[in-house]
Each structure stands twice: as structure tokens, then as C-alpha cells.
Amino acid sequence: MSTHKSEFIQTLVERGFLHQCTDLETVDARAVKEVITAYVGYDATADSLHIGNLVSIMMLHWLQQTGHQPIVLMGGGTTKVGDPSGKDETRQILTDEKINANISSIRQTFDSFLTFGDGSQDAIMVNNASWLDELAYIPLLRDIGRHFTINRMLTFDSVKLRLDREQPLTFLEFNYMILQAYDFLELAKRHDCTLQMGGSDQWGNIINGIELGRRADERELYGLTTPLITTASGAKMGKTAAGAVWLRPERYTPYDYWQFWRNTEDADVGRFLKLFTTLPMDEIARLDALQGSEINDAKKVLANAATALLHGDDAAREAAETSEKTFESGVTADGLPTTDVPKAELESGIPLFALLARAGLAGSNGEGRRLIKGGGARVNDIAIAEETAEISSDSINDDGVIKLSAGKKRHALIRPV
RNA sequence: GGAGGGGUGCCUGAGCGGUUAAAAGGGGCGGACUGUAAAUCCGCUGGCUAUGCCUACGUUGGUUCAAAUCCAACCCCCUCCA
């Protein structure tokens, strides 16, 4: 196989971003001679994106780095309807204020990966509410609906799978692909956007946009998808006990984020370095070749690089230091999550299980008790086995805090105030 | 509109009058082994300062000493027919 002509496609391929493309040769050729404008769409259902979105964010990053223009499309309009994909959970109706607040919070994440501005290669963020809100039903049916045949819509996986499993598919959901197709057409008209990127599950929706572009406006549009990233064990990435791994620090601290990457499975390190860091390929090849416990060094590099990319160099360094102290030197690090407890309360003694719950290491007092019974609870690194043990100010260590641990990895500090 | 089937804990899914805070598996948490990895093995997995109390099997009532289990109405889902 010959290598690709454009830096953009070359980068995507060698780093493992490319799953499918509607016309790789043409996109490759165009990327050589002109600035390509491409977009990825994101829903605004929460105030933060998560690890699952990171692959496409990195792809936008490389798009810009290789000389092209990224568009971040926020689904402000589609979120108002509620994303119909997934199960038939009751959709949360979000208010406009909430959606807009979500969008501005999410925007901050993109500032870490993209350069926004007015230049030809500067990224822009747009909200599909600005056109979807104004759509009128009859004109939409007449101008857009006429280009879709039910016959064809029924062949798309998103629809077909649902029908095959004999699961209900509402008319609303059925229309979702039309709205997304419409987004692509609108972006093509407004911003001369010619490429839509997304996860492999978006393939059908992307195709629809491309077809609509050709039929409604004689535009030549392209689509490109990333593979679904799973861990080597087959688990969907980014689903941890506490829930999703969020990208906003308010939801998921830089320290936890660093730890998330540090705990990558051996088999995933090379792949993740390529996808989630911007380290040069030869450096990654060297790290990927490490064997046995040396792989831990590669994991630290991964954690440092990925955290620095999202949260900045300082935050990454701090997280690395806290981790080093906690796991390798056995020193109490002040970068751990800290809970303030009034001195007076400590004087009179607090049951350990309650303190574990307050520090967030246990979800309830009962869980705290179970943790102690199971032998996973430690105070200042000393295991406590007595379920009703009380902690008082006697436990305050030389650093003026009490260090609590749940298992080997989860630590927190109690600070008397 | 008619005829059937079904709604159980984070998820899947058993139970079909008391011994049921509810089998089993998954997931999660903890322990052992390691390298803050994987695999494996073991324990735990509703809440409550707790030999007890409270809340839970779609909703609301009822039968019963006793109901997730029986009855009624209602809500929701699925299949077939129209």
C-alpha cells in the first residue's frame, strides 16, 4: 500500500483514527491542494464531554494541525428534542438556558485542543439550534423530505437494527437522521464545509448528509469515521465505577484523569499514545516496544501527555507529583482530594465508616462499613479492621491531616478546620 | 378495537402465599498474586452509629395472621389479529 499524499490523511491513518471514508483518495488529494473545512457534531446533554468524545476531538486537532479548518457543531437544536438513539429512557427535557450553559462549558474543553478565531484555518463553533429552531414543517418536508426515500432509510443500520430486534422506533427518532443530514447541508452552504467526521456509529447519518448535499444542492461532500475505541479486554472505554471519565475538571479532576491514563492496560498503551497524545511517532514506537514492568514508564508518559493536552502542563505535573508521592514514595501528598472537618467534631471522635463516606471514598455509611470489614480501609496507611472504629484528632499526622484510603488506589485527606 | 404475554435490585433474569433484602450471571467495590497492568482465585454488593428498625418487586386499593407471590382497577411495554 502506498502512503497517502496529504499530511492530514497520513496522520489519521498512521495514528489509527481512520475506520471508514466515503472517498479517501479524493479527500487525500484535496487536502494536498486546499484547506478542507470539516466538522464533528456533539450533543449538549451534559456540561462536559467525556473520554468517548476524545477520539473525534483529537481528530479535529490534527485536522487543524495539518493546515485545515475544524468546525465544532453543537447540537443545541437536536438536544432540545432529546437524542433518540440509545434506549427508551425517559428523555430529560433540557431548557434553553441549560443547553446554552452546557455549550459554553463544553466550549472550554475545545479551547485546549483547537485554536479559535477568524482566520481561514481557525476553528469555529456553531450551534445547530440557529437553523433547526427556525425550520417550518411543510417547507422542510417539501425541500428536504423529498430527497429521502423510506425504502432507503429503512436500510440504514440505526433503523434496521432496531426493527430487526423488533424494538419500537418512533417517528421522532426516524427523523433524526434527516435533521443531521440537514446540518451537513447547512454547514456546507454557510461555511463551505465538505467533510463530516464522527464515530463509526455515525456512518449512516453521515452518508445521509452526503446524499442530501448531492441531491438538494449538487454538492460533493465526504464522510470519514473513527473506529469505536475499546480496551484490549473489550470493554467500552471510559466507563469506570464513578461513571464516565469527564473532560471538564469540575467533574473529573486532573489528578483522577492522570490516574485514568496511568491505569491503562498494557496492551492498549501504544494504541492510546497514538490516539490521545501528540508525541511523535518514533517516540511512541520506542515506548510501545517496552516490555514487562517497563511499560509503566510508557503509561506515565501517556498520562502526562494526555493530561497536559487537556488540563495544561502545570496540572499534569501536579498530578504526576501527587501520584509519585502517593504510590511510589509513600509520602502523604497534598494534591489528593481533601475534605474539611471541624476540629470540634474530630475531638469527640467520628466513626471511620462515616468519615469514609464524608470523604467520598464510600457511597454510604453502610458501604464504609463493608469496606472496613473487607479489609480495604486504611487510616494514615494503617489498615483498620474494626468496623466501629472511631477516628479522633489523635489520628492527625505530621502534615496536619488524616489520610484515608479505600483500597490501594483511592485516597483522600481529612483536614481539620 | 380484539386475543395473548409481560413490568423484580445498577443491568440481564429466577421466584409465583410464610424459611425472600429476594436465586444465578454480569457489572462494581474490596482482598490475594503482581508492575497503580492483564488473567486467575476469594469476599462483599438497599438505607440507618444497627443482635434491631426502615424502605424495596409498575401504580392504587383489596383478600389474608402473613403478599414480589392471590384478587380488582389503572398505567406502561411486547406479540398476533383488525
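A, B, ... follow the sequence lines: proteins, then strands. Residue 1 opens every chain.
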note: A:Leu356, atom CG; B:C48, atom P; distance rounded to Å ~ 13 Å
Taken to the nearest whole Å, CZ/A:Arg410 to C1'/B:C29 is 7 Å
Rounded to whole Å, CZ of A:Phe327 lies from P of B:U36 at a distance of 9 Å
Taken to the nearest whole Å, CG/A:Asp297 to P/B:G35 is 14 Å
Atom NZ of A:Lys409 and atom P of B:U34 are separated, to the nearest Å, by 16 Å
Within the pair A:Arg369 and B:C29, is there a side-chain N or O less than 4.0 Å away from OP1 or OP2? no
Answer for the Watson-Crick or wobble partner of B:U79, both distances under 3.5 Å, is B:A3
Only residue of A:Thr307, A:Thr322, A:Asn263, A:Asn304 satisfying side chain to side chain donor-acceptor pair (under 3.5 Å) with A:Trp258 is A:Asn304
_Taking 4.0 Å as the cut-off, does a side-chain nitrogen or oxygen of A:Asn365 come that near to OP1 or OP2 on B:U49?_
yes
chi for B:U63 classified (syn = within 90 degrees of 0, anti otherwise) as anti
Pairing partner of B:C41, by Watson-Crick or G-U wobble and under 3.5 Å for both distances, is B:G31
A:Leu336 atom CG is separated from B:U36 atom C1', nearest whole Å, by 13 Å
| Taking the side chain from A:Arg415 and the backbone from A:Asp340, do they hold a donor-acceptor pair closer than 3.5 Å? | no
Atom CD of A:Glu294 and atom P of B:U34 are separated, to the nearest Å, by 19 Å
When rounded to whole Å, the CD to C1' distance for the pair A:Glu367 and B:A50 reads 17 Å
Is there a donor and acceptor pair, one atom on the side chain of A:Lys408 and one on the base of B:U34, closer than 3.5 Å?
yes
Could you check whether A:Arg262 gets within reach of a base, just the sugar-phosphate, or nothing at all, counting any heavy atom under 4.0 Å? base
Exercise for the section: Please tell me if the side chains of A:Leu60 and A:Phe113 come closer than 4.5 Å, counting only heavy atoms from C-beta onward. Expected result: no
